[in-house]
Amino acid sequence: MTNERRTGDRVVFERGIPAFMMGIDGTWRRNCILEDVSETGAKLTVEGSVEGLHLKEFFLLLSSTGLAYRRCELSWVNGDQIGVNFIKQGDKKRKQAGRTTADA
């Protein structure tokens with residue numbers, strides 16, 4: 001059994017839901033499978049390597065047109081599976097208010 005880190009209720013998809021991961025700047029995109037989801041995050045199985053991708057912040061596209069999406073940050077990696085936290089509007093501003101950043 002895996003050690004469950006998520007505190008909220010989650011929905012597990014028996015066959016997974018096809019989705020896409022895309023860089024915030026649009027420079028990369030990967031196919032993935034949405035394995036489970038909660039109000040605060042999700043578990044994804046990524047097709048191909050995640051090595052070299054900027055996963056600090058990215059989009060999870062839930063439709064082929066990109067109209068349904070969530071802004072995410074990487075939580076954990078285990079082989080081809082990753083855990084992501086959903087970033088809510090305003091979270092980034094609150095996080096940055098408490099620290100100084102070198103990136104502009």
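Residue numbers run from 1 in the order of the sequence given.
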Which residues share a side-chain contact (heavy atoms from CB on, under 4.5 Å) with [X], sequence neighbours left out:
{"X": "N31", "answer": "F20, E47"}
{"X": "Y69", "answer": "F59, L61"}
{"X": "S64", "answer": "none"}

Indicate, with yes or no, if [Y] and [X] share a hydrophobic cluster defined by side-chain heavy-atom contacts under 4.5 Å among Ile, Leu, Val, Met, Phe, Trp and Tyr.
{"X": "I33", "Y": "V11", "answer": "no"}
{"X": "L60", "Y": "M22", "answer": "no"}
{"X": "F86", "Y": "I24", "answer": "no"}

Looking at L53, is its backbone amide N or carbonyl O close enough to the side chain of R30 to form a donor-acceptor pair, meaning the two atoms are under 3.5 Å apart?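 Here the side-chain-to-backbone pair does not exist.
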Kindly compute the distance separating [atom1] ([X]) from [atom2] ([Y]), expressed to the nearest 0.5 Å.
{"X": "I17", "Y": "D36", "atom1": "CD1", "atom2": "CG", "result": "11.5 Å"}
{"X": "D80", "Y": "T45", "atom1": "CG", "atom2": "OG1", "result": "5.5 Å"}
{"X": "W76", "Y": "I82", "atom1": "CH2", "atom2": "CD1", "result": "8.0 Å"}

Before you tell me yes or no, could you show the steps for K43 and V84 under side-chain contact (heavy atoms from CB on, under 4.5 Å), namely the whole-Å CA-CA distance, both residues' side-chain angles and the distance that decides it to 0.1 Å? CA-CA 6 Å; K43 178 169 70 172; V84 300; over 6 Å; no
For the residue pair [X] and [Y], establish whether any side-chain heavy-atom pair is separated by less than 4.5 Å.
{"X": "L55", "Y": "C72", "answer": "no"}
{"X": "R29", "Y": "M21", "answer": "no"}
{"X": "I87", "Y": "E57", "answer": "yes"}
{"X": "S75", "Y": "N85", "answer": "yes"}

Write out all pairs satisfying side-chain hydrogen bond (donor to acceptor under 3.5 Å, both in side chains) with one or both partners inside residues 12-23, taking only residues at least two apart or from two chains.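 Non-adjacent pairs meeting side-chain hydrogen bond (donor to acceptor under 3.5 Å, both in side chains): zero.
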Apart from V12 itself, which Ile, Leu, Val, Met, Phe, Trp or Tyr residues share its cluster (side-chain heavy atoms under 4.5 Å, direct or through members)?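 Joined to V12, directly or through intermediates: none.
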Does K56 form a side-chain contact (heavy atoms from CB on, under 4.5 Å) with E73? I'd like the steps, not just the answer. CA-CA 5 Å; K56 181 177 173 97; E73 63 184 356; 5.9 Å; no
side-chain hydrogen bond (donor to acceptor under 3.5 Å, both in side chains) partners for T65, two or more places apart: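 With neighbours one apart ignored, the set is S63.
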